[in-house]
Amino acid sequence: MADTSVIQTAFEAARQTYAAYGVDVDAALDALDALSLSLHCWQGDDVTGLETDAAGASGGIMATGNYPGKARTGDELRQDLDRTLSLLPGRNRVNLHMMYAELAGEAVDRDAYDTRHFRKWIDWARARGIGLDFNATCFGHPMAASNLTLSNPDETVRSFWVRHVKAARRIAADIGRELGTPCIHNLWIPDGMKDQPADRSLYRRTLLASLDEIFAEAYDPAFLRDAVECKLFGIGSESYVVGSHEFYMGYLGHARAAGRVVPMPTLDMGHFHPTETIADKIPSMLLYSDELLVHVSR
């Protein structure tokens with residue numbers, strides 16, 4: 001067994017230092033034990049997913065799918081998550097993407113996935129007494145090849161992704177209902193361009209129409225909580241991002257006025273300008289939104 005005396009000595013020194021400033025370290029750790037973080041399952045396989053003939057990551061995601069020793073199946077990924085969760089304090093959650101469906105050879109596309117395709121995940125989470133969160137996967141698919149999904153002027157493509165996100169919200173609500181804890185469904189889309197578009201409004205008007213269609217259906221918040229994620233830039237969308245910070249902040253007010261579902265805003269710490277931090281954004285946004293979802297990175 002490893003000698004932990006050095007660690008314990010350093011901890012006791014830190015405890016005394018914090019105490020001098022009026023900070024109760026034990027109370028702080030107890031508070032952290034009650035806080036659940038949602039672990040991204042895609043760290044286990046470098047954003048490859050479990051679909052048959054999956055196209056892999058795309059849409060501004062800096063991942064190759066070539067990480068050595070990555071999980072190759074749902075069972076291997078769950079084993080890795082079991083090990084990770086055993087090493088972390090508190091009772092944490094796991095965040096799934098739609099691309100982690102286990103189809104068992106069934107010929108079905110992403111716009112028709114169902115709760116049954118996530119049965120192993122739900123049973124695994126229930127057995128461990130943890131919650132699951134969920135994301136639509138609007139990348140790594142032939143219908144996302146243009147880097148435009150919900151904002152695509154091509155109605156065939158746009159409607160496919162609308163159906164996909166609707167299916168994701170239904171599945172997320174079922175997950176929340178079965179596990180007895182609200183499932184947070186976060187919507188991020190890769191939509192954007194490397195170059196400056198001639199019309200900067202068209203794609204945002206199209207995205208607005210798609211979101212209105214998606215969020216027209218309300219679910220019990222005891223089972224499903226919605227979130228929308230803005231972004232400043234991405235690989236392949238360096239010059240123009242449709243779902244910008246300003247767009248989604250405006251959408252929250254639009255949805256509230258229209259009587260639709262009002263999602264919480266998502267702040268991904270890794271997707272803002274290098275000179276920005278989210279610290280200033282949080283107190284401003286909480287004036288208009290009761291809740292925030294934060295992706296912790298960096």
Side-chain angles (χ1 to χ4, degrees), residues 40 42 47 49 51 54-55 57-61 95-101 103 108-118 121 132-177 182-192 203-221 223-231 234 237 241-244 247-248 251-252 254-255 258 260-266 268 293 295:
H40 295 310
W42 50 93
V47 204
E51 299 162 316
S58 66
I61 297 173
N95 194 177
L96 289 176
H97 248 284
M98 276 280 253
M99 67 194 297
Y100 290 86
L103 304 177
V108 57
D109 211 342
R110 280 189 197 167
D111 60 337
Y113 284 4
D114 190 70
T115 306
R116 68 180 181 277
H117 300 125
F118 298 89
W121 286 106
L132 293 177
D133 297 312
F134 207 63
N135 292 56
T137 306
C138 299
F139 58 84
H141 188 280
M143 282 286 197
S146 67
N147 246 30
L148 293 174
T149 60
L150 294 177
S151 70
N152 201 312
D154 184 332
E155 180 58 24
T156 299
V157 176
R158 187 197 75 88
S159 61
F160 173 87
W161 290 112
V162 168
R163 293 193 301 273
H164 168 73
V165 180
K166 286 182 175 181
R169 293 183 71 230
R170 284 195 300 271
I171 294 167
D174 286 345
I175 289 173
R177 185 180 298 107
C183 178
I184 296 177
H185 176 263
N186 182 54
L187 177 59
W188 172 79
I189 59 174
D191 297 36
Y203 306 102
R204 288 178 175 139
R205 288 197 303 270
T206 306
L207 176 56
L208 175 62
S210 295
L211 294 177
D212 278 351
E213 189 174 342
I214 288 166
F215 292 121
E217 183 172 3
Y219 291 90
D220 188 333
F223 307 135
L224 171 67
R225 309 297 289 276
D226 286 292
V228 287
E229 181 179 346
C230 61
K231 196 171 184 179
S237 60
V241 172
V242 183
S244 64
F247 174 88
Y248 279 121
Y251 183 77
L252 302 184
H254 163 81
R260 291 187 174 85
V261 173
V262 182
M264 72 181 85
T266 302
D268 188 325
L293 178 63
H295 285 178

* What is the distance from atom CZ of R158 to atom CZ of R163, rounded to the nearest 0.5 Å? -> 10.0 Å
* Can you find a pair of side-chain heavy atoms, one from I171 and one from H117, that are under 4.5 Å apart? -> no
* **Aromatic plane relationship, H164 with F160 - under 30° parallel, 30 to 60° tilted, over 60° perpendicular** => parallel
* Okay, side chain of H295, backbone of T266: is any donor-acceptor separation there less than 3.5 Å? -> no
* To do: Verify side chain to side chain contact (heavy atoms under 4.5 Å, CB included) between N95 and N186, making sure each step is shown before the conclusion.
  => CA-CA 10 Å; N95 194 177; N186 182 54; 5.7 Å; no
* Structure fact -> Taking every heavy atom of H185 against every heavy atom of A168, the minimum-distance pair comes out as NE2-CB, 3.4 Å
* Please work out whether the ring planes of F118 and F134 are parallel, tilted or perpendicular, with thresholds of 30° and 60°. => perpendicular
* Going through the checks in order, is the ring pair (Phe, Tyr, Trp, His ring centres under 6.0 Å) test met by H97 and F139? -> CA-CA 11 Å; H97 248 284; F139 58 84; 5.3 Å; yes
* Asked: Taking all atoms of both residues into account, what is the closest heavy-atom pair of G176 and C183, and its distance?
  -> N-CB, 3.9 Å
* Are any side-chain N or O atoms of W121 and backbone N or O atoms of Y100, one a donor and one an acceptor, separated by less than 3.5 Å? -> yes
* Please confirm whether the backbone N or O of L150 pairs with a side-chain atom of S210, one donor and one acceptor, at under 3.5 Å? => yes
* To do: Take Y113 and E51 through the side chain to side chain contact (heavy atoms under 4.5 Å, CB included) test and state the conclusion after the steps.
  => CA-CA 11 Å; Y113 284 4; E51 299 162 316; 2.8 Å; yes
* Can you tell me if T137 uses its side chain to pair, donor with acceptor, with the backbone of M98 under 3.5 Å? -> yes
* Asked: Are any non-hydrogen side-chain atoms of P182 and P221 less than 4.5 angstrom apart?
  -> no
* To do: Dump the intermediate steps for side chain to side chain contact (heavy atoms under 4.5 Å, CB included) on T149 and M143, then the final yes or no.
  => CA-CA 7 Å; T149 60; M143 282 286 197; over 6 Å; no
* Asked: CG/L207 to CG/L148 distance, rounded to the nearest 0.5 angstrom?
  -> 10.5 Å
* Report the C-alpha distance between V165 and I189 in whole Å, list the side-chain angles of each, state the deciding distance to 0.1 Å, and finish with yes or no for side chain to side chain contact (heavy atoms under 4.5 Å, CB included). => CA-CA 10 Å; V165 180; I189 59 174; 6.0 Å; no
* Asked: Where the side chain of N152 meets the backbone of D154, is there a donor-acceptor pair that is under 3.5 Å apart?
  -> yes
* **K166/E213 ion pair, N-O < 4.0 Å** => yes
* Asked: Taking side chain as C-beta onward, heavy atoms only, is Y219 less than 4.5 Å from R225?
  -> no
* Roughly how far apart are Y251 OH and R260 CZ, rounded to 0.5 Å? -> 6.0 Å
* Just checking, any donor-acceptor pair under 3.5 angstrom between side chains of H40 and N135? -> no
* **Shortest non-hydrogen separation from L224 to A172 and the atoms involved** => CD1-CB, 3.6 Å
* Any donor-acceptor pair under 3.5 Å linking the side chain of R204 with the backbone of F247? -> no
* Structure fact -> For L211 and L187 the tightest heavy-atom approach is CD2-CD2, 3.6 Å
* Are the side chain of D191 and the backbone of V242 linked by a donor-acceptor contact shorter than 3.5 Å? -> no
* If you measure from CG on D109 to CG on L103, what distance do you get to the nearest 0.5 Å? -> 9.5 Å
* Asked: Does any non-hydrogen side-chain atom of W161 lie less than 4.5 Å from one of C138?
  -> yes
* Got a donor-acceptor contact below 3.5 angstrom from the R169 side chain to the E217 backbone? -> yes
* Asked: Is it true that D268 and K231 have a side-chain N and a carboxylate O under 4.0 angstrom from each other?
  -> no
* **Minimum heavy-atom distance E229-W188, with the two atoms named** => OE1-CB, 3.5 Å
